[in-house]
Trainee: 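Supplied in structure tokens, the structure appears directly below.
Since this is a predicted model, take the numbers as computed values, not measurements.
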Amino acid sequence: MIEFKTQLDVNAQKAFNKMNIKKAIVIFIVLSLFIIGIGVTGIVMAEDSSDVIVGINLIIVGALFTPILLIINEYAQSMVRKTSPFLQNPTKEIYRFTEDGFEHLQKRDESFFSHTKADYTYFYKVISTPKYYFAYIASNQCHVINKAHITQGACEELDSIFARKLPVGKFKRTNR
């Protein structure tokens with residue numbers, strides 16, 4: 001059995017957000033460069049001064065596009081952190097993995113208790129990074145399991161279980 005004792009807190013939420021923003025940043029940058037390219041083309045092919053002004057405005061918008069989206073994302077995440085009682089008063093979690101399945105227990109004060117027991121089909125996909133397991137239960141929902149909080153077994157054992165029990169391509173290891 002492999003066991004982790006951790007808590008659902010701001011750090012887990014930040015780790016999940018960081019993992020997802022890495023995917024989106026490439027799209028943001030490509031869109032920024034596309035807008036800047038249209039602006040440069042507008043200046044180069046300008047027929048009058050209004051075309052130059054439009055080109056300059058597009059370059060400015062393109063240059064600000066990615067930073068503004070990142071700021072909006074951070075603001076939205078801070079609102080989630082402020083309004084989520086389970087992040088402000090950490091929810092204790094225990095994850096247990098065996099050959100037969102997965103067990104997840106959550107407890108916060110005396111107000112909340114949850115117990116999930118399932119086989120590995122519960123997971124949509126699992127991504128293993130050097131610090132975390134991101135065990136997705138849907139395309140945008142996942143359990144964030146800090147590898148430093150392992151209390152029994154070894155991460156290599158869990159990697160082996162995931163590789164055997166999840167469909168091909170649903171378990172991935174990354175170096176970042």
Side-chain angles (χ1 to χ4, degrees), residues 4 6-91 93 95 104 106 108 112 114 120-149 155 158-159 162-163 166-176:
F4 297 86
T6 185
Q7 62 186 23
L8 182 60
D9 61 6
V10 172
N11 293 328
Q13 193 257 347
K14 284 182 179 179
F16 180 62
N17 187 49
K18 183 178 178 184
M19 178 73 163
N20 285 323
I21 202 70
K22 285 179 182 179
K23 298 172 189 174
I25 194 123
V26 173
I27 295 168
F28 294 168
I29 290 170
V30 167
L31 287 173
S32 289
L33 293 174
F34 181 72
I35 294 168
I36 290 169
I38 292 172
V40 169
T41 303
I43 291 172
V44 170
M45 304 229 167
E47 294 180 6
D48 59 29
S49 62
S50 66
D51 290 342
V52 173
I53 292 170
V54 169
I56 291 170
N57 286 334
L58 284 171
I59 291 171
I60 292 169
V61 168
L64 295 176
F65 185 76
T66 297
I68 287 172
L69 287 177
L70 292 174
I71 290 167
I72 290 169
N73 176 65
E74 183 56 39
Y75 175 74
Q77 292 304 314
S78 72
M79 294 309 296
V80 168
R81 287 189 290 271
K82 288 178 184 174
T83 60
S84 299
F86 59 89
L87 291 176
Q88 294 171 354
N89 187 3
T91 302
E93 296 185 298
Y95 294 92
H104 178 225
Q106 290 181 310
R108 183 173 56 89
F112 174 74
S114 173
Y120 289 97
T121 60
Y122 173 78
F123 297 116
Y124 170 70
K125 68 180 176 182
V126 176
I127 298 173
S128 174
T129 70
K131 291 184 178 184
Y132 298 98
Y133 284 107
F134 293 95
Y136 286 81
I137 58 174
S139 62
N140 62 351
Q141 292 180 305
C142 81
H143 296 278
V144 179
I145 305 168
N146 189 331
K147 289 182 175 182
H149 296 156
C155 291
L158 186 53
D159 287 354
F162 284 144
L166 294 174
V168 174
K170 295 297 182 177
F171 175 62
K172 184 171 101 174
R173 292 180 191 95
T174 67
N175 294 327
R176 48 185 174 108

Trainee: Could you report the tightest heavy-atom contact between T66 and I29, atom names first, then the distance?
Mentor: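 Nearest heavy atoms, T66 then I29: OG1-N, 3.7 Å.
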Trainee: Output the distance between atom CD1 (I27) and atom OG (S32), rounded to the nearest 0.5 Å.
Mentor: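 The CD1 atom of I27 sits 12.0 Å away from the OG atom of S32.
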Trainee: Tell me the closest heavy-atom pair linking D159 and S128, and the distance in Å.
Mentor: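 Nearest pair, atom of D159 first, then S128: OD1-OG, 3.9 Å.
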Trainee: Is the cationic atom of K147 (NZ for Lys, CZ for Arg) positioned less than 6.0 Å from the six-membered ring centroid of F4 and within 45 degrees of its normal?
Mentor: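 Verdict for F4: no cation-pi partner in K147.
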Trainee: A side-chain contact here means heavy atoms from C-beta on lying under 4.5 Å apart; do N57 and I53 qualify?
Mentor: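 N57 vs I53: side chains touch.
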Trainee: CG/N175 to OG1/T129 distance, rounded to the nearest 0.5 angstrom?
Mentor: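 Here the interatomic distance stands at 10.0 Å.
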Trainee: Considering only heavy atoms from C-beta outward, does the side chain of L69 approach that of L31 to under 4.5 Å?
Mentor: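 They are not in side-chain contact.
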Trainee: Measuring from I145:CD1 to T6:OG1, what's the distance to the nearest 0.5 Å?
Mentor: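 These two atoms lie 8.5 Å from each other.
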Trainee: For the pair T41 and L58, evaluate side-chain contact (heavy atoms from CB on, under 4.5 Å) and give the outcome as yes or no after the intermediate values.
Mentor: CA-CA 10 Å; T41 303; L58 284 171; over 6 Å; no
Trainee: Could you check I137 against Y122 for side-chain contact (heavy atoms from CB on, under 4.5 Å), going step by step and ending with a plain yes or no?
Mentor: CA-CA 6 Å; I137 58 174; Y122 173 78; 3.3 Å; yes
Trainee: So how far is it from E93 CD to H149 NE2, rounded to the nearest 0.5 Å?
Mentor: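 If I round to the nearest 0.5 Å, the distance is 11.0 Å.
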Trainee: Between V144 and F134, is there a side-chain heavy-atom distance shorter than 4.5 Å?
Mentor: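 In contact.
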Trainee: Under a 3.5 Å distance rule, please check whether D48 uses its side chain to pair with a backbone N or O of D51 as donor and acceptor.
Mentor: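 Present.
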Trainee: With rounding to the nearest 0.5 angstrom, report the CZ to CG distance, F28 to L33.
Mentor: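 It is 13.5 Å, given to the nearest 0.5 Å.
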Trainee: What's the spacing between S114 OG and H104 NE2 if we round to 0.5 Å?
Mentor: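 Reported to 0.5 Å precision, the distance equals 7.0 Å.
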Trainee: What do you reckon, are the aromatic ring centroids of Y95 and Y133 less than 6.0 Å apart?
Mentor: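 Ring centroids of Y95 and Y133 are no less than 6.0 Å from each other.
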Trainee: Do you know which two heavy atoms are closest between Y124 and S139, and how far apart they sit?
Mentor: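 In terms of heavy atoms, the two residues are closest at CE2-CA, 4.0 Å.
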Trainee: Under a 4.5 Å cut-off applied to non-hydrogen side-chain atoms, are Q106 and F112 in contact?
Mentor: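 Yes, side chains in contact.
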Trainee: Determine whether Y132 and I127 satisfy the following criterion, side-chain contact (heavy atoms from CB on, under 4.5 Å), listing intermediate values before the conclusion.
Mentor: CA-CA 8 Å; Y132 298 98; I127 298 173; over 6 Å; no
